[in-house]
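See below for the structure under consideration.
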Amino acid sequence: MVYILSVETATKNCSVSISGDGEVLLTKEMAEENFSHAEKLHLYIDEVLAQLDLKFKDLSALAVSKGPGSYTGLRIGVSAVKGLCYALGLPLIAINTLSVLAEQLSIDKGLIIPMIDARRMEVFTAVFTVDHNMIEDTKALVLTQDAFDYLQPQALHFIGDGATKCKELFTADNCVFYDEIQYPSAKDMGMLAWQKYLAKDFEDVAYFEPFYLKDFLMLTKKK
């Protein structure tokens with residue numbers, strides 16, 4: 001069996017899972033406001049391996065949610081996975097974070113629009129079909145009332161913590177919100193990672209970097 005360890009730290013959710021031939025066997029995760037990913041990530045990795053009675057040598061690959069998302073969260077997740085891949089000599093699989101988030105919703109018709117909060121009225125978003133195929137590339141979008149008018153009259157299904165703040169903007173009958181789906185999770189990475197593993201769609205461990213989408217800005221207080 002091909003075991004893949006998946007890591008998702010792009011948002012407030014610190015999440016780790018192990019899948020076997022695409023089926024997720026175990027997930028360990030916690031969403032917190034204070035971003036304690038650095039303290040919890042390696043503990044979660046050790047715990048899921050131990051609970052499944054697996055060792056690092058049993059893994060065939062590692063997968064990481066590559067972004068977009070929190071700069072700090074992405075750095076922590078990607079650094080950890082790259083370090084393990086290098087030490088273990090295993091291939092690295094990278095998955096778009098919005099694709100991971102979109103996997104949580106199953107619908108019969110319309111479009112899936114996952115949104116990750118990028119502060120103020122900006123989100124990271126993309127557009128997916130009911131089959132979870134991305135038909136519009138990932139982008140940083142400043143939300144306005146007419147931002148998705150061009151997709152009318154299809155049903156638009158909004159998910160993610162970024163969607164919460166646009167409820168008052170998009171009030172048409174074709175707009176549906178799912179408050180229970182806030183963050184991407186490693187539990188939704190199993191099949192995505194398995195498909196990339198079969199296609200040998202691997203990253204260069206030495207040169208791979210997170211998909212930040214936007215430059216990191218550090219603000220300093222004026223004296």
Side-chain angles (χ1 to χ4, degrees), residues 1-11 13-31 37-67 69 73-107 112 114 126 128-134 159 180-211:
M1 181 173 287
V2 173
Y3 293 109
I4 299 177
L5 174 71
S6 296
V7 169
E8 161 51 60
T9 58
T11 64
N13 192 30
C14 181
S15 182
V16 175
S17 73
I18 291 182
S19 58
D21 291 352
E23 179 183 354
V24 174
L25 305 175
L26 184 65
T27 302
K28 179 76 174 181
E29 62 186 349
M30 180 177 289
H37 298 3
E39 294 81 13
K40 288 188 168 59
L41 179 56
H42 287 284
L43 292 176
Y44 287 178
I45 292 173
D46 289 340
E47 287 179 14
V48 294
L49 285 169
Q51 289 183 42
L52 291 172
D53 197 24
L54 295 174
K55 307 294 183 185
F56 281 112
K57 64 180 178 62
D58 297 317
L59 299 176
S60 298
L62 285 90
V64 67
S65 178
K66 70 177 182 178
L74 288 171
R75 291 294 295 180
I76 292 170
V78 170
S79 296
V81 171
K82 285 180 66 173
L84 287 171
C85 285
Y86 181 80
L88 300 169
L90 294 176
L92 169 62
I93 297 168
I95 303 172
N96 187 295
T97 303
L98 290 165
S99 294
V100 177
L101 182 55
E103 286 289 316
Q104 293 191 46
L105 185 63
S106 296
I107 56 174
I112 302 172
F128 293 79
T129 66
V130 295
D131 297 322
H132 302 108
N133 294 316
M134 185 185 291
I159 58 175
E180 70 276 13
I181 303 177
Q182 290 288 304
Y183 307 116
S185 170
K187 67 180 172 56
D188 300 298
M189 295 175 64
M191 184 54 65
L192 296 174
W194 170 241
Q195 291 169 347
K196 286 204 166 194
Y197 180 85
L198 293 178
K200 297 189 182 327
D201 185 1
F202 304 137
E203 305 293 333
D204 188 313
V205 175
Y207 296 102
F208 176 72
E209 291 290 334
F211 178 36

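What's counted below: heavy atoms across the whole structure, side chains too, no hydrogens, waters or symmetry copies.
The two atoms that bring Q104 and Y183 nearest to each other are NE2-O, 2.7 Å, heavy atoms only. The two residues V81 and A63 have their closest heavy-atom pair at CG2-O, 4.3 Å. Across all their heavy atoms, L192 and S99 have their closest contact at CD1-O, 4.1 Å. Nearest heavy atom pair, residue L74 against residue G69, reads CD1-N, 3.7 Å. The shortest heavy-atom contact between C85 and L62 is SG-CB, 3.8 Å. Nearest heavy-atom pair across Y197 and A61 is CD1-CB, 3.9 Å.
Proximity of D58 to K55: side-chain heavy atoms (C-beta onward) are separated by under 4.5 Å at one or more points. Between L49 and L59 there is a side-chain heavy-atom pair separated by less than 4.5 Å. Two residues are said to be in side-chain contact when any heavy atoms from C-beta on lie closer than 4.5 Å; F128 and L101 fail this criterion. Contact annotation: the side chain of M189 never approaches that of S19 to less than 4.5 Å [non-hydrogen atoms, C-beta and beyond]. E103 places none of its side-chain heavy atoms less than 4.5 Å from the side chain of K187. K66 is listed as a side-chain neighbour of N96, based on a closest heavy-atom distance under 4.5 Å. When side chains are defined from C-beta on, I112 counts as touching I159, because their heavy atoms get closer than 4.5 Å.
Judged by distance alone, the side chain of D131 and the main-chain N or O of N133 form no donor-acceptor pair under 3.5 Å. Judged by distance alone, the side chain of N13 and the main-chain N or O of P184 form a donor-acceptor pair under 3.5 Å. Of the possible polar contacts, none joining the T9 side chain to the C14 backbone as a donor-acceptor pair under 3.5 Å is found. Remark: side-chain polar atoms of K196 are paired, donor with acceptor, to backbone N or O of A94 under 3.5 angstrom. Using a distance-only test at 3.5 Å, with no hydrogens or angles considered, a donor-acceptor pair links the side chain of S15 to the main chain of A186. Judged by distance alone, the side chain of E23 and the main-chain N or O of L25 form no donor-acceptor pair under 3.5 Å. Remark: side-chain polar atoms of H132 are paired, donor with acceptor, to backbone N or O of L105 under 3.5 angstrom.
Residue-environment remark: OH (Y86) stays at or below the threshold of 12 foreign heavy atoms within 6.0 Å. Annotation: D53, atom CG; neighbour count of heavy atoms from other residues, nucleotides and ligands within 6.0 Å does not exceed 12.
Considering CD1 of I4 and CG of L90, their distance stands at 10.5 Å, rounded to 0.5 Å. The structure places CD1 of I18 at 9.0 Å from OH of Y3, a figure rounded to the nearest 0.5 Å. Note that CE of M1 is 10.5 Å distant from OG of S60, once rounded to the nearest 0.5 Å. In this structure, the separation between NZ on K200 and CG on L198 is 8.5 Å, given to the nearest 0.5 Å. Rounded to the nearest 0.5 Å, atoms CD1 (I93) and CD (Q195) are 10.5 Å apart. Note that CG of L84 and CG of L5 are 7.5 Å apart. Values are rounded to the nearest 0.5 Å.
Sorted by first then second residue, the side chain to side chain donor-acceptor pair (under 3.5 Å) pairs that include residues 73-83, not counting sequence neighbours, are R75-E209, R75-Y212. Sequence neighbours left out, the pairs with a member in residues 37-50 that pass side chain to side chain donor-acceptor pair (under 3.5 Å) are K28-E47, E32-K40, S36-K40.
The side chain to side chain donor-acceptor pair (under 3.5 Å) search around T97 returns S65, not counting sequence neighbours.
Between V16 and the options T27, L26, L41, L43, a side-chain contact (heavy atoms from CB on, under 4.5 Å) holds for only L41.
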